[in-house]
Each structure stands twice: as structure tokens, then as C-alpha cells.
Amino acid sequence: MIDSYKHQGLRKLLVENIRAKGIHDSDVLKAMETVPRHFFFDSSFLKYAYEDKPFPIGAGQTISQPYTVAFQTELLHIKKGDKVLEIGTGSGYQACILAEMGAKVFTIERQRSLFNNAVKFLPALGYTIKVFYGDGYKGLPAFAPFDKILVTAGAPYIPEPLAEQLKIGGILVIPVGASDVQIMTTVTKTGEKESIKREHGSFRFVPLLEDKAAD
Ligand code: SAH
């Protein structure tokens, strides 16, 4: 795969566009300028890689819109060395943005074909990301607690295990809503049983699916 000057130029423009839409965290913008989003696209669709739009990645799923990736990542306040759990690996693009920012990334995907792809593809890009096949509603108890947890699919409610697997001081970012529109929500854990919940506007995600066979 080639990251040509043309791709790099398109990426710079995309990042400027995202900045103009209100993303200010320079670490987030730098990571998005670094990770070649077109590597996550089939070669016949390369021209769509640098539009600020979601795009189908197979198995009925999408790679999130770049602005949405930036918005969720900014809410996480990533610091180098943060242990981060992502629910919904999809193409693996968001996981690479987090890894690029110096996070230790664990990611879970329930679609076998997307999981198989990510397991092979992410190391080929040079990122060390732990990819798991399973149900994100359960989190990853064996590796908890996490500094940050990011859900990249629309959840009808906040799964209890995710809140439990957060460190005190940790942040969960999750789009919540049972319809096709969700409210971007952050939960900051302030004590063993206390947390602060905030809402950050409406977004549209594919649904976080529960208890359904995925192969
Ligand atoms: N973060 C992805 C975009 C994800 S789209 C990217 O950067 O490309 C949402 C993903 O969540 C889809 O791949 C979908 O299969 C997955 N998903 C849905 N329900 C899930 C669940 N219960 N556990 C884990 N993954 C799930």
C-alpha cells in the first residue's frame, strides 16, 4: 500500500475540515494526519477515503465518519500509556488512531470476518493492538481495569460491565440511544460507586448488537 503525496495532501485537507468543525485537540488532529485512512478502504473506493463521511466496510458495518472519530477521541483525553478498550473494531481505523496517540489498545469485534481482517491487517500496519473476538457488552474482564473505554456502535443503554471495568478517574465514551440516533455520552468514574454523566449531542451509529450469533 502506498501513502502518496496526493493522499497526504488530501489527509491534511480533511484534518483542516475537522478542525474547522470544532476539534481542537492537537494530538487528535496529528494522529488523524498521520494514519492513512485510505489503507482501510478497498482499492476501488480509495477516492472516498478522505471525505468526511462514514463508509461501508462489509458485513453491514461502516468505518465511522472522520469527524465522529475525532469527536469521540477528543472526549477520551488520551494520554500516552493509557490502557484503552474499544468496543467495535470494525475496520480498525479508530484503534490505530488511539495507538498512534500512544495508548495501549484492546479492541473487541463480534463480526468474525471483520475480526479476522483486523487481526492480520493491524500488525501489517505496524501497530501493536490486541484484537479480541467477542461481545463488547461484557467488556474484557480479564484485562480490566481500563483508563478509558470507547464504544463505537450505538448502545441502547450503558452496559454495567463497562462502567465496572473503568479505573477511578477513567472515562467511558458511548453513544446511547435505542433508535437510529444516539446521544454521545461520557461517564467519568469519580469513585467506586460514583460517576458523572454528561451528554454531547446527537450522532448516528450502527447498533451495538447483543446476544446474536455473528458468524
Ligand atoms: N471503530 C470502527 C467502526 C465501527 S462500526 C472503525 O474505526 O472502523 C461498529 C462496529 O461494532 C461494527 O464493526 C460491529 O460489527 C461492531 N459491533 C456491534 N455490536 C458489537 C458487540 N456487541 N460487540 C463487539 N462489537 C460489536
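Every number for a ligand or one of its atoms is a count from 1 in the order of the listing. Side-chain atoms are counted along with the backbone in the values below, which use heavy atoms only and exclude waters and symmetry mates.
Heavy-atom proximity to T62, at under 4.0 Å, picks out these atoms of ligand 1: 3 (C), 4 (C), 5 (S). Contact atoms of ligand 1 toward I63: 8 (O) (distance under 4.0 Å to a heavy atom of the residue). Heavy-atom contacts of Q61 reach the following atoms of ligand 1: 12 (C), 13 (O), 14 (C), 15 (O) (cutoff under 4.0 Å). Each of the following atoms of ligand 1 lies closer than 4.0 Å to a heavy atom of V206: 5 (S), 9 (C). Heavy-atom proximity to Q111, at under 4.0 Å, picks out these atoms of ligand 1: 15 (O). The atoms of ligand 1 that sit less than 4.0 Å from any heavy atom of I108 are 24 (C), 25 (N). Residue contact check: L114 has heavy atoms under 4.0 Å from atoms 13 (O) of ligand 1. Close contacts of ligand 1 with S64, meaning ligand atoms under 4.0 Å from a residue heavy atom, involve 3 (C).
Atom OH of Y127 has more than 12 neighbouring heavy atoms from other residues, nucleotides or ligands inside a 6.0 Å radius. More than 12 heavy atoms of other residues, nucleotides or ligands lie within 6.0 Å of CD in E194, so this atom counts as buried by the packing criterion. Atom NZ of K21 is surrounded by more than 12 heavy atoms from other residues, nucleotides or ligands within 6.0 Å. More than 12 non-hydrogen atoms from other residues, nucleotides or ligands lie less than 6.0 angstrom from NZ of K167.
A cation-pi arrangement is absent between R37 and Y50 under the rule of less than 6.0 angstrom and at most 45 degrees off the ring axis.
Between L208 and ligand 1, no N or O atom pair is found at a separation short of 3.5 Å. For ligand 1, the polar-atom distance check finds an N/O of G88 within less than 3.5 Å of one of the ligand's N/O atoms.
Relative to atom 6 (C) of ligand 1, the option among P207, S91, A155, G58 with the closest non-hydrogen atom is S91. Comparing R110, E86, Q94 by heavy-atom distance to atom 17 (N) of ligand 1, the nearest is R110.
Assignment of G134 to the shell around ligand 1 is supported, since a heavy atom sits closer than 4.0 Å. Within the 4.0 Å heavy-atom shell around ligand 1 one finds T89. Residue E109 places a heavy atom less than 4.0 Å from ligand 1.
Ring geometry for Y137 against Y157 counts as tilted: the plane angle lies between 30° and 60°, on a 0 to 90° scale. Using a 30° and 60° split on the angle between ring planes, Y133 and F115 fall in the tilted class, from 30° to 60°.
In terms of protein heavy-atom proximity, atom 19 (N) of ligand 1 is closest to L209 N, 2.9 Å. Nearest to atom 23 (N) of ligand 1 among the protein's heavy atoms is G136 N, 2.7 Å.
D147 places no side-chain N or O within donor-acceptor distance of the main-chain N or O of V84, the cut-off being under 3.5 Å.
Both I57 and M1 are assigned to one and the same hydrophobic cluster, defined by single-linkage of ILVMFWY side chains at heavy-atom distances under 4.5 Å. In the hydrophobic clustering of this structure, F106 does not group with M101; members are Ile, Leu, Val, Met, Phe, Trp, Tyr whose side-chain heavy atoms approach within less than 4.5 Å, directly or through other members.
To the nearest 0.5 Å, the span separating CD1 on I108 from CZ on F132 amounts to 7.5 Å.
Residue contacts with ligand 1, taken as heavy atom pairs separated by less than 4.0 Å, do not involve A59 at all.
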